[in-house]
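Here is the structure we will look at.
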Amino acid sequence: MADKYLKQSSQLGNMERPQVAVLDFGSQYSHLIARRVREMHVYCELYSCLVSAEELGKHTITAIILSGGPNSVYEEGAPHVSKEIWEMIKEREIPVLGICYGMQELAHTFGGDVAPGLKREYGKAMVSRVEGCTSKLLEGLPAEFQMWMSHGDKLHATPTGFKHIAGTSNADFVAIENPETRMWGLQFHPEVTHSPLGPLILKNFVVNIAGAKQDWVMEDYANEFIESVRKQVGEKGHVIGAVSGGVDSTVAAVLMTKAIGDRFHAVLVDNGCLRKNEATNVLKRMREECGVNLICVDASDRFLSLLKGVTEPEKKRKIIGGLFIDVFQEESQRIVRESGPCDFLLQGTLYPDVIESISYKGPSATIKTHHNVGGLPASMKLKLIEPLRELFKDEVRELGMALGIHEESVWRHPFPGPGLAIRILGEVTAERVKILQEADAIVIEELLKTGHYRKIGQAFVVLLPVKSVGVMGDGRTYENVAALRCVETTDYMTADFYHLPYDVMSNISSRVINEVRGINRLCYDISSKPPATIEWE
């Protein structure tokens, strides 16, 4: 799969759409650069820094941004932009912005001096413009402004033809430019939230300098996809797809329904580990509100039977993933018997999944199997359609709103493919699922009622394989401990715990312990990602 992604972009065959290309050198912030550009309504894609000139040259590139990275440009084995890419940049006169390692790559390539600094610089720093500076890159910024630094190496001499336009108390050359060759470099990270004026610098480069059009809007994207998929599927073709009721599968399903109507067959598999009343609610919402041709397959007894006695999280995932495929195949065969050949499969792949595969380091080490079950066997011989493949999560929500999907559906928190099975630590049983369903329902209800739900990226309860002593009335209890997890995040790649007010915490705890038989203690998870993951398993 990684090789497949490395050889292609995420485009749906649209090579002519103008784009900003971000070349990734392995920075943890590379995806943020792409998101910041998209927020300007400018289309942007991320590529490995080792992308070939042949691949990049297929696209209409309006600007190139070189990301940061963990290496030192002068070390053996450090990644570098190929000579052919530099030749293409010169020939097409493409403007280039280097950020952190990206600036050092510019310096290294064009005769500057990069070496370790006497003092490393991590965190907030005040950047001062050079007196009399009229650089277009810094247009609209004050004489001094705060930016986020993250570097050990620094520029000791500017490359040939470049001049420095800003510095800090620790480094003279934190912003450089060569307007004649249309190249700019920044030692700091304008893409992170700790750089308040960073978006202005990026806009200066992308819109004012590169002249990129701000025409990346979801209404146009939806219309483009609908037209494209109608041609791909044809007038009689059928598409099948699994839905969960989450925002990604809902948006994908509605988009497909608008394109081909009832020839899209949506399948909801009830694995016995969904939220309370989830299957009923999803059926009602998708059928009545969204007009999706949806069937629900209740396979809960089959899933719970196979999960009996299983406690190891990865094994749980594989059991659920394997049986999901079996159930989905069975339902697909039924649809084919009743409706005729079905040649296409709808999947809700998002752009962060693509980024994971095209990043400089390639796919990261497997921490755990991906929550959203995929990997349907090649024997099904289905062609993939992935309408959300180019989009970040916030863009999926924006697309959902543009499609007229109810706000409640668009802003639902993510829910893992294996469901509550990975929020029940230890063995999954029908009784433990019911306990967790009740606790989870109370939490969501309280967060909605108090206005915190939309401020939180993801909220859920985890049922622990631990019991504790409690007192209820005059009696002693010995029941389960549960943990409440609420996180703030925009991209789900990093997250901080949400500072839920004590009174809300107290009310949630009181309701869960009093109303849910089987829980007598509720804890609050204050871990951030990294080092913790959002889900517990």
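When the salt bridge (Lys or Arg N to Asp or Glu O under 4.0 Å) test is applied to K203, no partner is found at least two apart in sequence or on another chain.
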> Passes side chain to side chain donor-acceptor pair (under 3.5 Å), E45 versus Y43? Steps please.
Replying inline: CA-CA 7 Å; E45 284 197 43; Y43 187 68; 3.2 Å; yes
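Residue E408 qualifies as open at atom CD: its count of foreign heavy atoms under 6.0 Å is 12 or below.
C296 pairs in a side-chain contact (heavy atoms from CB on, under 4.5 Å) with only one of the listed residues (T280, D270, V267), which is D270.
E445 has no carboxylate O lying under 4.0 Å from a charged side-chain N of R275, or vice versa, which leaves the two without a salt bridge. Electrostatic pairing of E479 and R517 does not count as a salt bridge here, judged by no charged N lying under 4.0 Å from a carboxylate O.
Between F392 and Y351, the ring-plane angle classifies as perpendicular under the 30° and 60° cut-offs. Between Y453 and H413, the two ring planes are parallel [angle under 30°; tilted spans 30° to 60°].
Listed for the R432 side chain is no donor-acceptor partner under 3.5 Å among the backbone atoms of I424.
H31 has its ring centre no less than 6.0 Å from the ring centre of Y29.
Under the side-chain hydrogen bond (donor to acceptor under 3.5 Å, both in side chains) criterion, the residue pairs touching residues 414-431 are R423-E535, with sequence neighbours excluded.
Side-chain contact check for S244 and S249: at least one donor-acceptor pair (N or O, by modelled atom type) lies under 3.5 Å. With 3.5 Å as the limit, one finds a donor-acceptor pair spanning the side chains of E395 and W216.
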